[in-house]
Amino acid sequence: MTQDELKQLVGQAAADYVNANVPQGAVIGVGTGSTANCFIDALAASKDRYLGAVSSSVATTARLQSHGFRVFDLNDIESLTVYVDGADEIDAQGAMIKGGGGALTREKIVASVADVFVCIADASKRVDVLGQFPLPIEVVPMARTAIGRRVSALGGVPVLRVQKDGSPYLTDNGNEILDVKGLRISDPCGFEALVNAWPGVVTVGLFAERGADLCLLGTETGVERIDYPKR
Ligand code: 5RP
């Protein structure tokens with residue numbers, strides 16, 4: 001199976017999970033990226049079962065709306081039963097690197113209010129130790145160099161994310177992203193807390209303190225469900 005086929009497989013599995021476990025009339029938290037898009041497309045068939053969705057990016061909002069989903073502002077929602085999103089890497093404890101698509105801040109906010117975080121990923125995303133995938137850090141632009149120095153002192157190599165024309169990539173929040181190469185993150189919760197505390201960091205793309213509760217992993221033999229212990 002190709003990676004795209006695996007993404008479609010887990011997107012459908014996540015829609016089946018939501019339809020089976022989330023009450024009718026609920027609002028669904030929805031992530032960003034190509035795997036999350038497969039979930040949105042699969043959930044569209046049962047759109048009328050739900051009141052709507054809370055979105056984690058401008059791109060996801062557009063995709064949800066193209067299927068006729070009502071998209072709510074998170075400020076107008078009291079709780080979310082479930083949040084479904086992809087990942088760039090996921091370890092055996094359900095800690096993740098996210099933000100390859102640049103939506104890490106809104107993803108972390110929406111995930112933080114959800115009862116259950118369902119990660120959907122193809123098997124290539126499963127790792128023993130996080131860090132092979134460059135760790136995204138969303139930064140306030142004036143802090144870019146100062147944060148880069150702190151990253152370098154820890155042995156990481158910060159690379160400013162740029163667009164095709166060479167100008168800095170800007171997030172939906174108007175900030176920049178440093179993609180940090182060369183890390184081996186053996187203590188994801190500790191590393192997340194450390195980087196979060198640096199002035200100018202908006203969000204680090206480590207989702208460890210609030211990691212996944214379960215993962216639907218697309219493998220050659222089908223969808224494997226992995227449940228992680230409560231933190
Ligand atoms: C976006 C994300 C995505 O979930 C992550 O990059 C995985 O993307 P894809 O499903 O396209 O492989 O964190 O900010």
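First listed ligand is number 1; within each ligand, the first listed atom is number 1. These numbers were taken from a predicted model, which means no experiment stands behind them. Residues: numbered from 1 along the sequence shown.
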Can you check whether Gly99 has an N/O within less than 3.5 Å of an N/O in ligand 1? yes
Of Glu89, Glu107, Lys108, Lys7, the one whose closest heavy atom lies nearest atom 1 (C) of ligand 1 is Glu107
A student checking ligand 1 against Gly86 at a 4.0 Å heavy-atom cut-off should list atoms 4 (O)
In this structure, atom 12 (O) of ligand 1 is nearest to the protein heavy atom Lys125 NZ, 2.8 Å
Exercise. Can you tell me if Glu138 and Thr203 form a side-chain donor-acceptor pair at under 3.5 Å?
Worked result: no
So, are Lys108 and Glu192 salt-bridged, with charged N and O less than 4.0 Å apart?
yes
Numbered in order shown, the ligand 1 atoms found under 4.0 Å of a heavy atom of Gly102 are 14 (O)
dist Ile120:CD1 -> Gln8:CD (nearest 0.5 Å) comes out at 11.5 Å
One finds that the ligand 1 atoms under 4.0 Å from a non-hydrogen atom of Lys98 are 2 (C), 3 (C), 4 (O), 13 (O)
Decide whether an N or O pair under 3.5 Å exists between Ala103 and ligand 1. yes
Leu216 with Val18, same ILVMFWY side-chain cluster at under 4.5 Å:
yes
| field | N-O pairing of Lys98 and Asp88 below 4.0 Å | value | no
Does a donor on one side chain and an acceptor on the other come within less than 3.5 Å for Thr81 and Asp115?
-> no
With heavy atoms and a 4.0 Å threshold, my read on which part of Ala87 contacts ligand 1 is backbone
